[in-house]
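We count ligands from 1, going down the list as the structure has it; atoms in each ligand are counted the same way. Note that this is a predicted model, so its numbers are computed, not measured.
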Amino acid sequence: MSGARGRRPRRVTVLGATGSIGRSTLAVIAEHPGRFEIEALTARTNTAELARLARRHRARLAVIADPSRYRELREALAGSGIETGAGKEALVEAAERPAEFVMAAIVGAAGLAPTLAAVRRGAIVGLANKECLVSAGPLFMAEVRRHGATLLPVDSEHNAVFQALLGGDPADVEKIVLTASGGPFLHASIEEMAAVTPARATAHPNWRMGAKISVDSATMMNKGFEVIEAHHLFGLPEPAIEVMVHPQSAVHGLVLYRDGSMLAQLGPADMRVPIASTLAWPERMRCGVGRLDLLALGRLEFLPPDPDRFPALATAREALRAGGAAPAVLNAANEVAVQAFLENRIGFLDIARIVADMLGTPLVEMPADSMEEILAVDREARLRTARACEARNPRKLYGTGA
Ligand code: NAD
Ligand code: MG
């Protein structure tokens, strides 16, 4: 039915096609034969999955970020007629190809260059990669304005606020609320949190996501990032962006207008909903998810976040208020610390401590007025954070045999 309205198919590129958001995007697209065409798909290392998706969705181009996997990708796509590429420049080239819509679903600052490439040709960009906005928010938004790109938030809370803003004039907004599930440690004691394993931290109660954002949700750094993301997307000052813990994950975001009206978006905790709203934008389309059953849910709870067990939220707010290089330091330090935790090199509570420590170093005094300067901050912050993680590594500390 979807292809029968006589419109031209919308051409889509998915950056980070093998990830949680990438696969959900392709699953939604598969629900609508004839409505979309795939220009390019990219992945970091998983050539087999990338090749499978490229064949299944008849992509024109498949790009693997890890250049050492190029041969593997070529072999996997031999005879398919699908073009192949590898390496960082090829990722940027994939984003530059003439797709009307680009889903930016690479995780981390690695997504910045290709997402910017899509922005710079004025594409419609579905933005899942929040690290772009955390690291380089003001510059990123300036590029969006300069090139007339359309930025559609995929992050569920921002997508909710975006939808609720359609009901009013942005000048009448008093504040917005981003909801947080509270993650797997909502009711855990600080002692329990000190001992959690990567497996426990990535087992999110309400959402199925990639490992990095799952850990970010467990520390609530994710919500801190989302405050920064909301500040840039909606032009609101930091104090006007409130966070509430809402364990049911039914209300994703709300907008309070000056007359006291609150407009909220509700839906199932399934990323296919916000993904579909961006893919079809400004229309709407079905996306294969069930309905939110309010009667089964019965009640909705809202609680303030606990600043003692989840200090990352306040750290992120401080970085936003400080501006300059601080948000880029925040993001880079967090990426390195989360990876160290996932590899069992530091403890769970160390993540937020190490990131906060990095914001107390001269890194935050580095110039950050151009993309090149932001990338230099990012590199330097990664080096210093890696050293800080090393210093906390108990095996290193106790295993010297001295
Ligand atoms: P994921 O780890 O499942 O997938 C990441 C994708 O990016 C994969 O395709 C991977 O191959 C690719 N990738 C990773 N590192 C790369 C690199 N260095 N160079 C090129 N490609 C690379 O992550 P995800 O959960 O899908 O999240 C993607 C982005 O969306 C993140 O920024 C995350 O914060 C955001 N997001 C995710 C969700 C969710 O529900 N999963 C919700 C909101 C926002
Ligand atoms: Mg979110």
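- A side-chain donor-acceptor contact under 3.5 Å links D216 and N334.
- At a cut-off of 3.5 Å, with distance as the only test, a side-chain donor of S181 or H204 sits close to an acceptor on the other residue.
- Within a 6.0 Å radius of CD in E238, more than 12 heavy atoms belonging to other residues, nucleotides or ligands are found.
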- Dump the intermediate steps for ring pair (Phe, Tyr, Trp, His ring centres under 6.0 Å) on F185 and F348, then the final yes or no. CA-CA 11 Å; F185 308 131; F348 180 74; 5.1 Å; yes

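- By the 6.0 Å contact criterion, CZ on R55 is enclosed, its count of non-hydrogen atoms from other residues, nucleotides or ligands being greater than 12.
- Taking the six-membered ring where tryptophan is involved, the planes of F234 and H158 are essentially parallel, since the angle between them stays under 30° and well short of 60°.
- Residue A40 comes nearest to A94 through the heavy atom pair CB-CB, 4.0 Å, listed as atom of the first residue, atom of the second, then distance.
- At a heavy-atom cutoff of 4.0 Å, ligand 1 is surrounded by G16, A17, T18, G19, S20, I21, A43, R44, A65, L91, A105, I106, V107, A110, A128, N129, K130, E131, D155, M209, G210, I213, M271.
- Among protein atoms, those of element N, O or S found less than 2.8 Å away from the Mg ion (ligand 2) are D155 OD1, E157 OE1, E226 OE2.
- Using a 4.5 Å heavy-atom cutoff, the side chains of T179 and F302 are in contact.
- Between R10 and E283 there is no salt bridge, since none of the side-chain N atoms of the basic residue sits less than 4.0 Å from a carboxylate O of the acidic one.
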